[in-house]
Amino acid sequence: MIPDTHAHLDLIDQETGKVISAAEQAGVSPIITIGINLASSTEAVWYSRSFDSVYAAVGIHPNDTGNMTAGDADRLEEIARGDDKVVAIGETGLDYYRDRSPAERQKDAFRAHIRLARRLGMALIVHDRQAHDDTLEILKEEKADETRVVMHCFSGNPDMLREVLGRGYFVSFAGPITFKKSQAARKVASLVPDDRLLAETDAPFLSPEPFRGKPNIPERVRLVANELARTRGISPEEMAGLLTANTEAAFGIGTKEKKR
Ligand code: NI
């Protein structure tokens, strides 16, 4: 089985039961569905309760932080504490590409998410788009390395990779790794140690080749995993085993290590 560590089931414009059973038939499980605001986080928990292979992450996406209040952070904590299948806080982080929410808002929300993940002993899922320096600085200031940190859809260069590996973070790759012009990203992926590598779809976004530009679904994480296997010269079966072990380690799935 190949895990998809980052999908947005609530944003996929197809019947969710069918999407999940198609993924299972394609050998993709578990799926971690990611909240982008309070409503979406609540939905993520609902999916995780309804489907055995689905786990939830709850958070407010940097682009959705414009109107976030202190009350929202409390509500997020309630949602996270309310169900055993919530395995992570996120996605959170900084997005200076879209710039839909002022940077200061994004930073405040990011800090609140890091504190929550530390308090709950949960993994932290980090979105960093054209904000590498500030992202790394805030993660350090807030001592994010006291919990597990996942750099979602990693887009840094080898220097940044060295930094995040030195801090003990996990590094996750999505569909763009399969694009023809992504040689540099493939090179970076090949430098990630076996025990820190994760794969994801970010469905319905970032469809891998040969589906680039089309709405994405979790079963296509297999194409991402196959590309990652090729870049390090191992078999797809070995890659599946490695990704499964790392997903369990990063998110505490299948263990009792979550603190309550
Ligand atoms: Ni996402």
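Atoms within each ligand, like the ligands themselves, are counted from 1 in listed order.
Listed by chain and number, the hydrophobic cluster partners of F211 are L223, where partners are ILVMFWY side chains within reach of under 4.5 Å, directly or through others.
For H127, every N, O or S atom stays at 2.8 Å or more from the Ni ion (ligand 1). With 2.8 Å as the limit, H6 counts as an N, O or S neighbour of the Ni ion (ligand 1).
Salt bridge status for E141 with R111: present, with a side-chain N to carboxylate O gap under 4.0 Å.
When you scan the N, O or S atoms of E91 for the one nearest the Ni ion (ligand 1), you land on OE2. Closest N/O/S atom of D202 to the Ni ion (ligand 1): OD1. The N, O or S atom of H8 with the smallest distance to the Ni ion (ligand 1) is NE2.
With hydrogens and angles disregarded, no donor-acceptor distance shorter than 3.5 Å links the side chain of R81 to the backbone of L120. For S182 (side chain) and T178 (main-chain N/O), no donor-acceptor pair under 3.5 Å exists by modelled atom type.
Of the listed residues (V164, L197, N246, L198), just one forms a side-chain contact (heavy atoms from CB on, under 4.5 Å) with V192, and that residue is L197.
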